[in-house]
Amino acid sequence: DPFYSTHEIKESLLKLTDEYSEVAVEMFKVLLKYIHHYTLSDTWSLKHINFLVEKATINNDLKDELFSQIMKLTHKCTNSFLNTRAWDLL
């Protein structure tokens, strides 16, 4: 489903190898936590962002996957705070 959802994904949004699909699922979990937990301290927020950047720089497929995940979390999301959090990552 390409629309906003608070549910975790079970596989990557894009066609990735099994290994990278597992990484993508972990990335989405961290992304959800970062976007929804506005009470995270700056330190924890930075740890989440660093994790996402580290994984996205493994290869271009994971970078594209992260972009797709952010788009999924903003598409048809009516909560402006969540949209802002997501767009701040770009």
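These numbers come from a predicted model, not from an experiment. The basis for the numbers below is simple: all heavy atoms, side chains too, and nothing from hydrogens, waters or symmetry mates.
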- Heavy atoms of Lys72 and Ser5 approach each other most closely as NZ-CB, 4.5 Å
- Residue pair Ala24 / Leu16: nearest heavy atoms and the distance that separates them: CB-CD1, 4.1 Å
- Enumerate the residue pairs fulfilling ring-ring contact (aromatic ring centres under 6.0 Å, His included) with a member in residues 70-90, sequence neighbours excluded, ordered by first and then second residue. Phe3-His75, Tyr38-Phe81
- Sort and list the pairs that fulfil ring-ring contact (aromatic ring centres under 6.0 Å, His included) and have at least one residue in residues 52-74, not counting sequence neighbours. none
Among residues at least two apart in sequence or on other chains, which ones pass side-chain contact (heavy atoms from CB on, under 4.5 Å) with [X]?
| X | value |
| --- | --- |
| Thr39 | none |
| Ser80 | none |
| Thr78 | none |

For the atom pair [atom1] ([X]) and [atom2] ([Y]), what is the distance rounded to the nearest 0.5 Å?
| X | Y | atom1 | atom2 | result |
| --- | --- | --- | --- | --- |
| Leu82 | Thr74 | CG | OG1 | 10.5 Å |
| Leu14 | Leu66 | CG | CG | 10.5 Å |
| His36 | Leu31 | NE2 | CG | 9.5 Å |
| Ile70 | Leu13 | CD1 | CG | 11.0 Å |
| Cys77 | Ile35 | SG | CD1 | 8.5 Å |
| Arg85 | Asn79 | CZ | CG | 11.5 Å |

- Contacts satisfying salt bridge (charged side-chain N to carboxylate O under 4.0 Å, His left out) that involve residues 9-22 (not counting sequence neighbours) are none
Hey, are the side chains of [X] and [Y] touching, using non-hydrogen atoms and a 4.5 Å cut-off?
| X | Y | value |
| --- | --- | --- |
| His37 | Leu40 | yes |
| Leu89 | Tyr34 | yes |
| Leu32 | Leu73 | yes |

- Residue pairs passing the side-chain hydrogen bond (donor to acceptor under 3.5 Å, both in side chains) test with at least one member in residues 48-59, sequence neighbours excluded, are Tyr20-Asn59
With sequence neighbours excluded, what pairs up with [X] under the side chain to side chain donor-acceptor pair (under 3.5 Å) test?
| X | answer |
| --- | --- |
| Ser45 | none |
| Glu26 | Lys29 |
| Lys63 | Asn60 |
| Asp42 | none |

- Item | hydrophobic_cluster_shared for Leu90 and Val30, side chain cutoff 4.5 Å | yes
